[in-house]
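Okay, structure first, notes after.
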Amino acid sequence: MKGSDHKTFKAREAPAPYRIWGTGIEPLSLRQMQAAADLPVAVSGALMPDAHPGYGLPIGGVLATDNAVIPYAVGVDIACRMRMSVFDLADAGSVFASPVRERLRSALQNETRFGVGSKFGKGLRRDHPVMEADWGVTAVTARLRDLAWTQLGTSGSGNHFVEFGLLRLESPSAGLEAGTYLALLSHSGSRGSGANVASHYSKLAKQLRPDLPDDLKNLAWLDLDSPEGQEYWHAMNLMGEYAAANHERIHHHVAQALGFGVLKAVENHHNFAWKEEHGGREVIVHRKGATPAGPGVLGIIPGTMADPAFLVSGLGEASSLRSASHGAGRLMSRNEARRRFTWQQARALLADRNVELLSADLDEAPMAYKNIHEVMNAQTDLVEVLGTFTPRMVKMSPPGERAED
């Protein structure tokens, strides 16, 4: 059915179809996916093997809707994304045992910023054409431009990171020859600007749908035919451009500081909504913590600070709405991780994996996440692995910061 302007909720006769990848997914994630399938505007969905609970749609949830966009099915960190730069550097395998190591460490420490509200001060502000885009496209984005500019090139908190590692390609892939390369990998989104957009329009969607039952309130939608839906759509897309620019600036300044050339860059959103055709009709596909995996589409699926990330090519599986997981997925809450683990345990694991950690909080300990190898094995019909990235030097937000992911 088309999204409508009426405010009286009408339950559908049967849930929209959806498919689940992986096993052992916790009950709350399953209930959240079921609730999404009960939405009148839902068309179909999928749940990825890294799934865990979120606001409204679970993390790892994919939902196609009819002419409607759901702010909480996009996520709080709009356009959270991955970017990998592969450097043109001879003998990459020995770089972490050489004097270059200190230069790598300095680049991570100086060329981005971590933490809630982190920004660049006067004289250090980054520049990018995105700041000349139409930030007046909505009243909300108009007042965020100055904040966005100060945070351009920053990384935030929570599960956001910037790290150096070794990318291994067993055969020629993605325009690169087989071999081992030094690569830079980053994960973050649209920072404070995206959070403000998400907060404003998720509240507005709830106000416009007052009759939604309790289990659906965080899935309140905006009709794309409505002024509010158009506002959010334009704001979301601007945040997508901004998040991409954010990563580009991080990678540019790190490469520039080191004097390294870039052979290849790969990137993808995973908290976004797209207009796509599925089953012969146009739908709005929300991927909340899910990676686009259309035929031949390149993407990056990270593990943890101690586990590999994977350069992948999508296989275009129709029943997943051409999607795959966005990472390993949390095994437990942040509070549970802090209760259960110690830094002694985490540092022992990192030392065993030969990973240098510059900063992070204990709630991001590798043990707090699902096994990335099991997650990848559960989606062999969704993506083909082209290369494996092994982290060697990792920087995240320092301890005590509120998670922004």
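Quick note: residue numbers are just sequence positions, from 1.
Within the 4.5 Å cutoff, the side chain of D88 has no heavy atoms near those of the F260 side chain. L358 places a side-chain heavy atom less than 4.5 Å from the side chain of L108. Considering only heavy atoms from C-beta on, I78 comes within 4.5 Å of Y232 through its side chain. Side-chain contact between T65 and V283 is absent, with no heavy-atom pair separated by less than 4.5 Å. At least one side-chain heavy atom of F9 sits less than 4.5 Å from a side-chain heavy atom of P213. Here the side chains of V262 and V86 are not in contact, with every heavy-atom distance at 4.5 Å or above.
Between the side chain of K217 and the backbone N or O of L212, at least one donor-acceptor pair lies under 3.5 Å. Between the K288 side chain and the L57 main chain, a donor and an acceptor come within less than 3.5 Å of each other. Within the 3.5 Å criterion, the main-chain N or O of T291 finds no donor-acceptor partner in the side chain of N268. Between the side chain of Q230 and the main chain of L224, a donor-acceptor pair closer than 3.5 Å is present. Remark: side-chain polar atoms of S202 are paired, donor with acceptor, to backbone N or O of A198 under 3.5 angstrom. Looking at S118, its side chain never comes within 3.5 Å of a backbone N or O of V116 through a donor-acceptor pair. Under the 3.5 Å distance criterion, the side-chain polar atoms of N196 are matched with a main-chain donor or acceptor of G192. With hydrogens and angles ignored, the 3.5 Å screen pairs a side-chain donor or acceptor of T112 with a backbone N or O of G153. Between the R287 side chain and the L321 main chain, a donor and an acceptor come within less than 3.5 Å of each other. In terms of modelled atom types and a separation under 3.5 Å, the side chain of D223 and the main chain of S226 share no donor-acceptor contact.
Between R322 and E277, none of the side-chain N atoms (NZ, or NE/NH1/NH2) sits under 4.0 Å from a carboxylate O, so this pair counts as no salt bridge. A salt bridge does not link R126 with E248: none of the charged nitrogens is closer than 4.0 Å to a carboxylate oxygen. Between E276 and R281 no salt bridge is recorded (no basic side-chain N to carboxylate O distance below 4.0 Å). A salt bridge does not link D361 to R402: none of the charged side-chain nitrogens sits closer than 4.0 Å to a carboxylate oxygen. Ion pairing between R249 and E111 fails under the 4.0 Å rule for side-chain N and carboxylate O. Salt-bridge formation is detected for the pair R101/E356: a Lys NZ or Arg NE/NH1/NH2 atom is positioned less than 4.0 Å from an Asp or Glu carboxylate oxygen.
F341 meets the ring-ring contact (aromatic ring centres under 6.0 Å, His included) test with no other residue; sequence neighbours excluded. The side chain to side chain donor-acceptor pair (under 3.5 Å) search around T304 returns D307, not counting sequence neighbours. For H286, the ring-ring contact (aromatic ring centres under 6.0 Å, His included) criterion is met by no residue, not counting sequence neighbours. For V137, the side-chain contact (heavy atoms from CB on, under 4.5 Å) partners two or more places apart in sequence, or in a different chain, are D134, T141, H234, L238. Scored by the side chain to side chain donor-acceptor pair (under 3.5 Å) test, S190 finds no partners at all (sequence neighbours excluded). Considering only residues two or more places apart in sequence or on other chains, N335 meets the side chain to side chain donor-acceptor pair (under 3.5 Å) condition with R338. With sequence neighbours left out, S98 forms a side-chain contact (heavy atoms from CB on, under 4.5 Å) with V95, V100. Qualifying side-chain contact (heavy atoms from CB on, under 4.5 Å) partners for E336, counting only residues two or more places apart in sequence or in other chains: M332, S333, R339, R340. In this structure W135 satisfies the ring-ring contact (aromatic ring centres under 6.0 Å, His included) test together with Y242, sequence neighbours excluded.
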Which pairs would a plain distance check flag for residues 172-180, meaning a side-chain donor or acceptor within less than 3.5 Å of a matching protein atom at least two apart in sequence or in another chain?
residue	atom	partner	partner atom	Å
S173	OG	S171	O	3.1
T180	OG1	R168	NH1	3.0

N/O donor to acceptor pairs below 3.5 angstrom from side-chain atoms of residues 380-391, sequence neighbours left out:
residue	atom	partner	partner atom	Å
D381	OD1	W21	NE1	3.2
D381	OD2	W21	NE1	3.1

What pairs of donor and acceptor atoms, side-chain ones from residues 30-43 against any protein atom, are under 3.5 angstrom apart with sequence neighbours left out?
residue	atom	partner	partner atom	Å
Q32	OE1	G54	N	3.1
Q32	NE2	G54	O	2.6
Q34	OE1	Y18	OH	2.9
Q34	NE2	D38	OD1	3.4

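Checked by atom type, the side-chain pair S319/E317 shows a donor-acceptor distance below 3.5 Å. Defined by atom type and a distance below 3.5 Å, a donor-acceptor pair is missing between the side-chain atoms of H128 and N246. Looking only at atom types and distance, the side chain of R19 has no donor-acceptor partner in the side chain of S320 under 3.5 Å away. Looking only at atom types and distance, the side chain of D225 has a donor-acceptor partner in the side chain of N67 under 3.5 Å away. In the model, Y201 has a side-chain atom that pairs as donor or acceptor with a side-chain atom of E231 under 3.5 Å. No hydrogens or angles considered: a donor-acceptor pair under 3.5 Å links the side chains of R81 and H269. Under the 3.5 Å distance criterion, with hydrogens and angles disregarded, no donor-acceptor pair is assigned to the side chains of S155 and S188. Q379 and S325 form a side-chain donor-acceptor contact under 3.5 Å, judged by distance and modelled atom types alone.
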Where do F164 and F96 land on the side-chain contact (heavy atoms from CB on, under 4.5 Å) test, with the steps shown first? CA-CA 10 Å; F164 285 110; F96 294 101; 3.8 Å; yes
Side chain to side chain donor-acceptor pair (under 3.5 Å) between H251 and S186, intermediate numbers included: CA-CA 8 Å; H251 286 243; S186 58; 2.7 Å; yes
Using side-chain contact (heavy atoms from CB on, under 4.5 Å), reason through I59 and M48 one step at a time and then give a plain yes or no. CA-CA 9 Å; I59 312 300; M48 299 296 100; over 6 Å; no
Could you walk me through whether V355 and V394 pass side-chain contact (heavy atoms from CB on, under 4.5 Å), step by step? CA-CA 7 Å; V355 176; V394 179; 3.8 Å; yes
Take R330 and E26 through the salt bridge (charged side-chain N to carboxylate O under 4.0 Å, His left out) test and state the conclusion after the steps. CA-CA 11 Å; R330 292 197 71 90; E26 57 192 297; over 6 Å; no
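In this structure, H187 and F161 have tilted ring planes: the angle between them lies in the 30° to 60° band. In this pair, F272 and W274 present their aromatic rings perpendicular. The plane angle is above 60°, beyond the 30 to 60° band. Note: H326 and H270 have perpendicular aromatic rings, judged against thresholds of 30 and 60 degrees for the angle between ring planes.
Rounded to the nearest 0.5 Å, atoms CG (L169) and NZ (K264) are 11.0 Å apart. Separation of atoms CG (L204) and CZ (R209) is listed at 10.5 Å; rounding is to 0.5 Å.
Summarising the local packing, OH of Y55 is surrounded by 12 or fewer heavy atoms from other residues, nucleotides or ligands at distances under 6.0 Å. The 12-atom threshold is not exceeded at NZ of K119, counting heavy atoms of other residues, nucleotides or ligands nearer than 6.0 Å.
Taking the ring axis of W233 as reference, the NZ or CZ atom of K275 stays within 45° of it and closer than 6.0 Å to the ring centre.
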